[in-house]
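In what follows, a structure is listed as structure tokens, so that the remarks can point back to it.
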Number of protein chains: 2
Amino acid sequence: MSAVSRNPVDLLRGDKRVECQNCALFRICLPKHVSAADLSSLEAIIIKRKATPRGQPLFKAGDKFSSIYAVRSGGIKTYRTDAEGNEQVCGFHLPGELVGLESIISDTSINSAKMLDTTSVCEIPFPELEALLPRMPQLQKELTRLLSREIVTSQWQLSLLGSKKADARVAALLCNISDRLEQRGYSATRFSLPMSRSDIGNFLGLTIETVSRSFTRLQRKGLLSVKGRMVTLLDLDNLRRLAGHTTLH
Amino acid sequence: MSAVSRNPVDLLRGDKRVECQNCALFRICLPKHVSAADLSSLEAIIIKRKATPRGQPLFKAGDKFSSIYAVRSGGIKTYRTDAEGNEQVCGFHLPGELVGLESIISDTSINSAKMLDTTSVCEIPFPELEALLPRMPQLQKELTRLLSREIVTSQWQLSLLGSKKADARVAALLCNISDRLEQRGYSATRFSLPMSRSDIGNFLGLTIETVSRSFTRLQRKGLLSVKGRMVTLLDLDNLRRLAGHTTLH
DNA sequence: CGCCCAGTTGAAGAATTTCAAACGATGTGG
DNA sequence: CCACATCGTTTGAAATTCTTCAACTGGGCG
């Protein structure tokens with residue numbers, strides 16, 4: 001999708017100092033309310049990683065928890081695996097969103113995270129971040145807000161899985177992604193899904209076949225047009241109506 | 001279930017100063033790591049409410065968000081209502097747990113909360129709490145941890161709704177409640193469910209009929225015994241095996 | 001060119017929902 | 001004290017939705 005690397009190995013770590021103010025995501029990312037004076041202390045602990053190709057893990061469940069991550073470009077899925085080896089996708093993370101917040105309560109990572117696409121992240125070592133908080137109330141507030149938002153997102157997902165039919169779930173996910181992309185300055189009606197049908201199905205609690213059929217039905221109703229991962233939302237109003245609830249983000 | 005009040009009206013507010021150290025839940029509640037010196041500043045902002053009867057709302061979605069709450073006794077459910085008026089139960093909160101964390105990101109409450117039983121709470125005004133954080137790193141850490149735990153809980157629930165059959169969902173909920181009660185010093189194998197079948201079904205993404213049938217099946221398998229809300233877990237091992245994953249809490 | 005993977009489509013099967021009825025505990029009024 | 005209404009729960013049978021199994025398609029890449 002984006003530029004692909006020749007040599008994955010030397011993409012794994014970057015060491016250039018991050019410059020949040022120049023980042024396109026500054027307005028929506030963690031440091032958005034941090035004063036210019038404090039910003040450099042924050043930037044000092046952040047590790048700007050280079051792009052990593054699709055499919056690479058960012059971390060695995062059980063790894064020692066030491067950092068959270070901000071997505072700079074691309075996309076990431078987080079997922080957990082239960083005793084029988086079943087995966088459950090917990091979330092998709094777009095640029096400007098944090099990954100790994102659920103593991104703060106633990107010494108080890110609770111979820112695994114994998115690149116959906118060529119993706120770059122900023123690594124934020126958590127103990128260092130935590131040490132900054134007492135001195136930086138703005139940052140502390142923002143972190144609390146982002147944690148809270150993560151709860152809201154999970155609960156939104158719950159209300160999807162709890163009572164909605166397949167078509168409504170698919171519509172809701174598409175509307176949600178549409179909103180998030182729009183917020184980042186992209187088209188709200190035409191975009192490429194960063195994740196596979198299998199990930200979508202898993203996220204929505206459906207099989208890939210059901211997802212596929214659902215796309216076909218929505219297409220026949222004239223609500224959207226799909227070609228592989230490329231979707232065009234033709235009737236956002238009715239799509240939202242079908243999703244039938246709380247717009248998120 | 002517990003003592004019932006004659007006059008609900010004068011139960012709504014208490015003004016006795018809270019004394020966390022003497023509270024049976026001190027070890028598991030928000031202030032557990034706060035130093036004795038800091039504790040009194042925290043206690044000063046907490047409002048100890050008197051018991052409220054079953055069915056009363058604690059807050060409603062859309063209310064101005066101003067406080068989070070710690071359950072002192074009884075139980076609370078939080079839920080959200082979508083555009084069509086469908087409810088989705090987001091969580092059950094037992095003594096020692098916080099309620100309302102999801103709304104921190106918002107000016108208004110995102111969920112509604114209702115007493116499942118005669119319940120008393122400590123109200124913690126959030127702006128005041130937030131003001132204490134810079135001076136009390138321990139408290140800040142604990143709040144962050146609790147927020148993180150809330151994410152883990154929601155994601156646990158997701159993995160239930162995402163891929164589990166009805167019996168597994170019911171078994172998982174029972175094991176989860178069992179664990180939480182045990183942690184609070186109650187019996188892990190014999191307890192009274194604080195919530196109705198309807199709440200259970202809604203929480204698990206099932207109809208009440210399916211929940212009822214599931215209880216009957218689990219009973220026939222000799223895994224438990226149910227009479228109304230009273231359950232006895234007869235074979236916790238196999239119940240966990242059936243639930244088939246990550247123990248939470 | 002042909003393999004392979006992701007996605008689509010079809011038909012049969014399984015699980016849950018829906019509709020309907022009955023039960024038991026609780027509470028009210030005669 | 002009993003008859004009756006109510007609520008939450010249980011049970012049964014039919015309808016629906018989703019899953020499963022299987023075959024097929026089309027684009028990308030060796």
Side-chain angles (χ1 to χ4, degrees), chain A residues 1 4 6 53-55 77 84 86-89 114 116-118 160-174 192-221 224-231 242 244, chain B residues 1 4 53-55 77 84 86-89 114 116-117 160-174 192-221 224-231 242 244:
Chain A
M1 228 101 233
V4 171
R6 272 116 241 282
R54 163 186 300 192
K77 75 165 174 179
E84 288 110 32
N86 303 316
E87 278 189 12
Q88 172 64 43
V89 173
K114 188 176 274 189
L116 288 168
D117 198 348
T118 302
L160 272 188
L161 303 204
S163 61
K164 297 291 190 289
K165 302 247 174 275
D167 289 3
R169 297 189 198 182
V170 172
L173 175 61
L174 292 174
S192 172
L193 292 168
M195 73 295 280
S196 68
R197 294 288 188 277
S198 160
D199 286 332
I200 294 177
N202 190 304
F203 179 81
L204 295 176
L206 303 167
T207 58
I208 59 173
E209 293 94 330
T210 304
V211 172
S212 181
R213 281 186 253 270
S214 186
F215 272 122
T216 309
R217 280 191 295 266
L218 295 176
Q219 212 164 188
R220 265 203 286 271
K221 287 183 194 167
L224 51 80
S225 144
V226 206
K227 184 141 205 254
R229 292 190 173 193
M230 200 68 205
V231 299
L242 176 59
Chain B
M1 224 103 233
V4 172
R54 164 187 297 192
K77 76 164 173 178
E84 288 111 31
N86 303 316
E87 277 188 12
Q88 172 65 42
V89 173
K114 187 177 273 189
L116 289 168
D117 198 348
L160 273 188
L161 302 205
S163 60
K164 296 290 189 289
K165 302 253 174 267
D167 290 2
R169 296 188 198 185
V170 171
L173 176 61
L174 292 174
S192 172
L193 292 168
M195 72 296 280
S196 68
R197 294 288 188 277
S198 160
D199 286 332
I200 295 176
N202 189 306
F203 179 81
L204 295 176
L206 303 168
T207 59
I208 58 173
E209 293 95 329
T210 304
V211 173
S212 181
R213 281 186 252 269
S214 186
F215 271 122
T216 309
R217 279 191 296 265
L218 295 177
Q219 211 164 187
R220 266 203 286 270
K221 287 184 196 165
L224 50 80
S225 143
V226 206
K227 185 144 204 247
R229 292 189 174 194
M230 199 69 204
V231 299
L242 177 58

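Residue numbers begin at 1 in each chain, while the letters A, B, ... track the order of the sequences.
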Given C/dT16, C/dT8, D/dC18, the nucleotide with the shortest approach to the side chain of A/Thr210: D/dC18
Touch class at under 4.0 angstrom, heavy-atom based, for A/Gly201 against every strand present: nothing
Interatomic distance, B/Asp167 CG vs C/dA15 C1' [rounded to whole Å]: 11 Å
B/Ile208 CD1 - C/dA21 P separation (whole Å): 16 Å
Side-chain touch A/Leu204/A/Thr210, heavy atoms, less than 4.5 angstrom: no
Gap between atoms CG and P, on B/Leu161 and D/dC18 respectively (whole Å): 15 Å
Between D/dC18 (C1') and A/Asn202 (CG): distance, integer Å: 16 Å
Heavy-atom side-chain proximity of B/Phe203 to B/Lys77 below 4.5 angstrom: no
Donor-acceptor contact present, side-chain A/Arg54 to main-chain A/Leu116, <3.5 Å: yes
Nearest-neighbour nucleotide for the A/Leu206 side chain, D/dT10, D/dT19, C/dT16 considered: D/dT19
Interatomic distance, A/Met230 CE vs D/dG26 C1' [rounded to whole Å]: 19 Å
Residue mapping more 5' on DNA chain D - nearest nucleotide basis, B/Arg197 or A/Ala166: B/Arg197
Nearest-nucleotide pick for B/Arg213, side chain only, options being D/dC21, D/dA13, D/dC18: D/dA13
B/Thr207 vs C/dT17: side-chain N/O to OP1/OP2 distance below 4.0 Å: yes
d(CZ, B/Phe215; C1', D/dT10) in whole Å: 12 Å
First of A/Ser212 and B/Arg217 reached from the 5' end of DNA chain C, by closest nucleotide: A/Ser212
Distance in angstrom units between A/Glu209 CD and C/dG10 P, rounded: 13 Å
Beyond-backbone contact of A/Val89 with A/Asp199, side-chain heavy atoms, under 4.5 angstrom: yes
Phosphate OP1/OP2 of D/dT11 contacted by B/Thr216 side-chain N/O (<4.0 Å): yes
Euclidean distance, atom CE of residue B/Met195 to atom P of D/dG8 [Å, nearest integer]: 16 Å
Closest listed nucleotide, where the reference is the side chain of B/Lys165 and the choices are C/dT8, C/dT16, C/dC19: C/dT16
Min side-chain heavy-atom separation A/Ser196-A/Arg229 under 4.5 Å: yes
